Protein chains: 2
Amino acid sequence: MFEVEAGIVSGEETGRQGSREPAASAKGRRRATIRDVARACGVSTATVSNALAGKPHVKAQTREAVERAAVELGYRPSAAARGLSSRTGRTWSVGLVVGDIENPVVPKIVRGAEEILWANRTSLVLCNTDFQQDKKMAYVRALIDRDIDGLILVSHIFNDMEARAISLSDLPLVTVNRMNDQWQADYVGIDNAAGTRAAVDYLTGLGHRRIGYIKGLNTSTAAQARFDGYLSGIAAAGGDTDPALVIQGDYTQESGAIAARQFMALSDRPTAIVAGNDLMALGVLGALRDLDIAVPNEVSVIGFDDIHMSAHPLINLTTVHFPQHETGAMAARLLLRRINEGPDDLPRSVVLPPQLIVRGSAGVPPRRR
Amino acid sequence: MFEVEAGIVSGEETGRQGSREPAASAKGRRRATIRDVARACGVSTATVSNALAGKPHVKAQTREAVERAAVELGYRPSAAARGLSSRTGRTWSVGLVVGDIENPVVPKIVRGAEEILWANRTSLVLCNTDFQQDKKMAYVRALIDRDIDGLILVSHIFNDMEARAISLSDLPLVTVNRMNDQWQADYVGIDNAAGTRAAVDYLTGLGHRRIGYIKGLNTSTAAQARFDGYLSGIAAAGGDTDPALVIQGDYTQESGAIAARQFMALSDRPTAIVAGNDLMALGVLGALRDLDIAVPNEVSVIGFDDIHMSAHPLINLTTVHFPQHETGAMAARLLLRRINEGPDDLPRSVVLPPQLIVRGSAGVPPRRR
DNA sequence: AAGCAAATACTAAACGTTTTAATTTTTGAC
DNA sequence: GTCAAAAATTAAAACGTTTAGTATTTGCTT
């Protein structure tokens, strides 16, 4: 399946030396500690700590000497020791729990969060759960063991029991894309119902009345809200409420393709299909191409999310834009805020507005035969 | 731009209580320490540590008691304290440095690595550098401060000076996709030259002789190798070596589109275009669609990477498959191996084979006018 | 030249583990 | 019962920081 080649050894041999001196061993120098710096400039570790932290009550001259010695020795404080010691014990790291990093919306959210976190010298521990309960729990436990400062959950929540089991009580927490009725946490997401509603309104405005909908996984509140938007749009326009027009998907491209075939097999086909996300919409487009059904002339298609590929000239999908980058950034901002402010202030919700992006996959319905 | 709604406060007020008892404060119980467990079953911390670590020389009865008390109190060892103490001081976390998490190949690599790391109880600190030198350096420094056990660099390397500056000497290191002549590290990647060569051979086999190539960023050894494969393929088939047939791109879709327009403006157009990656190939396809040039009837297009979208019926891109998941997984395996074995064994290189995936974007060249 | 406050620096404890070396307890043979 | 060996446990010393609390120096006032 693959080749393993012997690599090239560059530079000197790494032979072991007999001595076990802590000063400098065969394999590179031991990392300098604060004590080394203190010793180097004849001063106590406390002074080094204060000097380097920019605390007052340190003579300018001493501070300089310490700083010089620190760079000289290449001293860098150990994050672990810091996290342990300080009364305010921050580890400057947060957990980011996602279901599937390969879902195109996720990297954009991650990127948005990373940007803000990086600017605040906080590092990001990425956890991919495959949407498995136990993996999620195990990951969060590991994160708590690591004393992370906070947690961002993308499309995940905890039920009451889980939250209790991992004694989540005072961990700063932000949920993205998934409302949490049971547990107290900040939230950031979009108005999903309004998004789908805009899509449906656009279609009914074009004259469509028979509109199919492909639902996302029903474990998610977002999926439900998007569906609600569909229902309200259909109701408002007096559209067709045939139950055969709603198919359950699972947010994957394949499930979109399957649903499309199912719709097209109907004796009374829908003239338009709205998908719960772009990935399923892409599946629809693919299936329709395979079936040689023209988009939008025979069937209109609208997605949700506005992933990168939807804008490609060969795809050209009309869709509802979900501000992924901003969502991630906002989640990070809320989290840092809560980490700094403590648990005292009320949980906040930030609801970003979705926006219909009109491209070429939706048009007027075909004339009735 | 967005609405901020006051959240709903659930449950009891979080008013401060006067007392400052360490036992149980207003904001949830303090985390149980090993000392608490020890006290709870009248035993020393050393015994608790040994019992929980499954060390020998602990009476079965004691072990049971300790285990019971541990779960009872919800005791979980602090990772930070662990990393600090133990002689073998492992933190069970590694850094993963990528240039751009939004590039579709990256999440798959990340996912592959995550899978292996998770199975080995190691967590993953994600760093997104935007390919900026200073951000890369700062991130790595932060990682080293965190005492990570090892580092995976995706499409990044260090030059000698950088490596020295962060005293990288004994940090287990795996580079992905980018050979490193100066510094000693494990490597995993694919045979890029062979990949492009296969693509070019396929095209020349179909009769193409005038084949355009869009190079990736020339800072990368992978980009160079892919280009070398093109050159050797052209040479082997006696193809056209017009320098106008090679255009420098930057791995983005936009640069692919620009290059395509440039090729099509030529008086003597190429009959086929090979792109250094799929993203640029998608740009080519988009531009050709905009120009109303048929693929593959007028121009054939081949990409490199085989990102998810390339398989979509509307894209249907012939491309060279780069085993992204396996690459990430292998990188993690190599890293864990080196972490466990220590720096003594020779650096290894794993070279995975690329594979030409024939889809619909390449065909026989149009008949000469 | 003494006295005193401010400025500076230091000592020691704390953070939560693991590990070493020492100590106590148990076991089993005589 | 005695004693050595084996087993179980423990006290104490790390690990590398930060931070109270305390001690020293400095510089100014009388």
Side-chain angles (χ1 to χ4, degrees), chain A residues 20 22 29-67 69-70 73-93 144-149, chain B residues 20 22 29-67 69-70 73-93 144-149:
Chain A
R20 265 237 172 259
R29 203 183 301 280
R30 180 178 64 81
R31 214 168 116 171
T33 77
I34 197 173
R35 235 177 301 266
D36 297 326
V37 179
R39 206 170 300 137
C41 44
V43 103
S44 79
T45 64
T47 300
V48 174
S49 178
N50 286 329
L52 259 30
K55 291 267 175 67
H57 299 308
V58 172
K59 190 160 46 166
Q61 193 181 334
T62 316
R63 173 161 299 162
E64 259 178 50
V66 168
E67 277 164 356
L73 297 172
Y75 166 70
R76 316 224 76 218
S78 148
R82 263 199 175 144
L84 246 200
S85 123
S86 126
R87 180 81 33 194
T88 59
R90 237 172 118 159
T91 59
W92 297 92
S93 63
I144 292 178
D145 292 351
R146 286 215 143 67
D147 274 310
I148 46 153
D149 298 332
Chain B
R20 267 238 170 256
R29 201 185 302 280
R30 181 177 63 82
R31 216 168 113 171
T33 77
I34 198 172
R35 236 176 300 262
D36 297 325
V37 179
R39 206 169 300 137
C41 43
V43 101
S44 78
T45 63
T47 299
V48 175
S49 178
N50 286 330
L52 260 30
K55 290 268 175 66
H57 298 308
V58 172
K59 193 159 47 169
Q61 193 180 335
T62 316
R63 173 162 298 163
E64 261 179 48
V66 168
E67 276 163 358
L73 296 173
Y75 167 70
R76 316 225 76 219
S78 147
R82 261 198 176 146
L84 245 200
S85 124
S86 123
R87 179 84 28 196
T88 58
R90 236 172 117 160
T91 59
W92 297 92
S93 63
I144 291 179
D145 292 351
R146 287 214 142 70
D147 274 309
I148 48 153
D149 298 332

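None of the values given here were measured: they were computed from a predicted structure.
The residues A/Arg82 and B/Asp145 are annotated as not salt-bridged, no charged nitrogen and carboxylate oxygen being separated by less than 4.0 angstrom.
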Tabulated below should be each protein N or O lying under 3.5 Å from an N or O of nucleotides 5-8 of chain D; please produce it.
none

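When each of B/Arg76, B/Arg31, B/Arg146 is paired with A/Asp147, the salt bridge (charged side-chain N to carboxylate O under 4.0 Å, His left out) condition holds for B/Arg31 and for no other.
Of the listed nucleotides (D/dT19, D/dT10, C/dT17), D/dT10 has the atom at the smallest distance from the side chain of B/Thr47. Of all nucleotides listed (D/dG16, C/dG16, D/dT18), D/dT18 comes nearest to the side chain of A/Thr45. The nucleotide whose nearest atom lies closest to any side-chain atom of B/Ser85 is, among C/dC15, D/dT10, C/dT18, C/dT18. Here the side chain of A/Val43 is nearest to one of D/dG16, C/dT19, C/dC10, namely C/dC10. Comparing atom distances between the A/Ile34 side chain and each of D/dT10, C/dT18, D/dT18 picks out D/dT18 as nearest.
Using a 4.0 Å heavy-atom distance criterion, B/Arg76 is classed as a sugar-phosphate-only contact. Residue contacts for B/Ser78: at a heavy-atom cut-off of 4.0 Å it reaches the sugar-phosphate backbone alone, with no base atom in range.
Under the side chain to side chain donor-acceptor pair (under 3.5 Å) criterion, B/Ser78 pairs with no residue at all, not counting sequence neighbours. Taking the side chain to side chain donor-acceptor pair (under 3.5 Å) definition, one finds that A/Asp149 meets it with A/Thr91, sequence neighbours left out.
Closest approach of A/Val58 and A/Thr62 over heavy atoms only: CG1-CB, 4.2 Å. Between A/Glu67 and A/Leu52, the closest heavy-atom pair is CG-CD1, 4.0 Å.
Going from atom CZ of A/Arg35 over to atom P of D/dA13 covers 14 Å, rounded to whole Å. Here D/dG16 presents its P atom at 18 Å from CZ of B/Arg146, a figure rounded to the nearest Å. In this structure, A/Leu84 places its CG atom 12 Å from P of D/dG16, rounding to the nearest Å. Atom pair A/Asp145:CG and C/dG16:P shows a separation of 14 Å (rounding to whole Å applied). Separating the CG atom of B/Asp36 from the C1' atom of C/dG16 is a distance of 10 Å, rounded to the nearest angstrom. For the pair B/Gln61 CD and C/dT26 P, the computed distance is 11 Å after rounding to whole Å.
Each of A/Val48 and B/Asn50 lies near DNA chain D, and the nucleotide nearest B/Asn50 is the one positioned closer to the 5' end.
In terms of polar N and O atoms assigned as donor or acceptor, the side chain of B/Ser44 never comes within less than 3.5 Å of the base of D/dT10 in a complementary pairing.
OP1 or OP2 of D/dT19 has at least one side-chain nitrogen or oxygen of A/Lys55 nearer than 4.0 Å.
The line from CD1 of B/Ile34 to CG of B/Leu73 is 12.0 Å long, rounded to the nearest 0.5 Å.
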